[in-house]
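Just below is one structure, and these are the notes that go with it.
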Amino acid sequence: MSSTHASSVGDNLSLPYTWQASQWQRLVQLAADQKMPHALILSGHSGVGKRHFAEAMGYYLLCLSPVNKVPCGRCKGCELNQVGTHPDLFILEPEDGSRVIKIDQVRKLTEFVAKTSQQGGSKIALINPVEALNVNAANALLKSLEEPSGDTVMFLVTQSPTQVIATIRSRCQQMEFGLPSREESLAWLEPLAVGHDPQYLLDSVGGAPLAALQLLEDDTLEHLQSLVDGLLGLAHSRCTALELAAKLHRNEVLPVVEFMMKWLQLGQKKAVIELQQGSHTDAEFELLEVLSSIPSTIMYRFWDKIVIVKRQLLSASNPNKQLLLEELFMDWQALTKRSQKLTQSRQQMMNGLL
Ligand SMILES: [Zn+2]
């Protein structure tokens with residue numbers, strides 16, 4: 001647990017990230033005192049490693065003889081987990097690129113929870129993300145939460161605990177995962193972000209280290225940079241909302257929305273100083289200038305809108321991403337135009353006074 005990377009014991013047995021040490025200690029202690037809750041909601045920003053933590057804790061709880069509060073890597077339980085075939089670990093996630101966990105998948109989980117454990121120890125279920133359950137699937141899950149058999153521990157991973165239906169929430173204990181400190185994130189990211197500026201990556205995703213690394217693993221970084229150009233293009237009428245949405249909706253849309261949220265926050269703080277700490281492009285400084293000129297009252301309305309869009313994207317309802325983006329970009333364009341008009345009329349007024 002002392003490594004700066006998420007290290008592993010033997011092969012494929014994840015350990016928690018360094019910034020998750022306090023949560024880890026807490027659960028290890030609860031397990032030692034035999035007070036482990038049977039269902040836990042792990043919540044926090046995307047890209048801080050909640051799912052990773054749940055899996056690592058699952059491995060720990062299934063290890064027959066942990067050493068120094070981590071899995072031993074040698075027992076039968078660890079061996080089965082190393083090859084990914086432990087019969088007492090059940091991972092419930094959307095299948096094949098879907099965003100939704102299907103009711104049939106939940107039924108399999110229900111069966112798993114009702115059975116006795118095959119290795120004689122605990123049973124672990126990991127549900128990620130809870131938002132991927134539609135109402136029927138969530139109701140099917142309730143049964144398992146109400147009548148867990150034996151020593152079952154369920155980890156429910158979510159970015160937005162308030163979206164988890166109350167009947168599920170009330171049956172779970174909650175554990176929060178905040179953003180790690182900048183130092184911790186950079187220490188972890190630096191050796192992995194070869195050839196890139198880790199500060200820039202971290203800033204681009206609002207400080208979540210795994211999300212920063214993810215930028216390098218697909219073409220998201222390029223995608224986000226073209227978003228900055230696009231937002232400026234809309235503000236200066238060089239392109240239309242429809243064109244930009246058509247260009248950006250093919251990739252994951254959630255990073256686009258989160259990226260916009262991050263820029264709105266920076267704009268509200270008029271955070272030029274904050275930007276200088278990282279390394280940023282001219283276009284990004286220009287975007288910040290545009291954002292800083294928008295009055296707060298107008299900005300808040302746009303913020304509410306973007307929060308709703310994010311919620312829709314996280315829900316299991318499978319919204320039309322291109323339409324969502326189009327609407328957002330149209331609003332953005334209207335917003336920047338309105339603020340430009342305000343600035344102009346203010347200038348005219350000033351000129352009139354002089
Ligand atoms: Zn072991």
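Just so you know, ligand 1 is whichever comes first in the structure, and atom 1 is the first atom listed for that ligand.
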| said: Let's go through Tyr200 and Leu221 carefully: what are the C-alpha distance in whole Å and the side-chain angles of both, what is the deciding distance for side chain to side chain contact (heavy atoms under 4.5 Å, CB included) to 0.1 Å, and is it a yes or a no? | reply: CA-CA 10 Å; Tyr200 176 80; Leu221 187 60; 3.8 Å; yes
| task | Take Arg182 and Asp203, measure what salt bridge (Lys or Arg N to Asp or Glu O under 4.0 Å) needs, and give me the verdict at the end. | result | CA-CA 10 Å; Arg182 194 171 173 81; Asp203 284 344; 3.0 Å; yes
Could you tabulate the donor-acceptor pairs under 3.5 Å formed by side-chain atoms of residues 237-244, not counting sequence neighbours?
unit_1 : atom_1 : unit_2 : atom_2 : d
Ser237 : OG     : Lys337 : NZ     : 3.1
Thr240 : OG1    : Glu243 : N      : 3.1
Glu243 : OE1    : Thr240 : N      : 3.1

| request: With sequence neighbours excluded, tell me which residues meet salt bridge (charged side-chain N to carboxylate O under 4.0 Å, His left out) with Arg26. | output: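 Residues passing salt bridge (charged side-chain N to carboxylate O under 4.0 Å, His left out) with Arg26: none at all.
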| request: Taking salt bridge (charged side-chain N to carboxylate O under 4.0 Å, His left out) as the test, write out the residues that go with Arg171, two or more places apart. | output: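 Salt bridge (charged side-chain N to carboxylate O under 4.0 Å, His left out) check on Arg171 returns Glu146.
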| request: Examine Phe53 together with Tyr17 and report whether their ring centres are nearer than 6.0 Å. | output: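 Aromatic pair excluded; centres sit 6.0 Å or further apart.
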| Tally of protein N, O or S atoms, where distance to the Zn ion (ligand 1) is under 2.8 Å |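 Those protein atoms number 4 in total.
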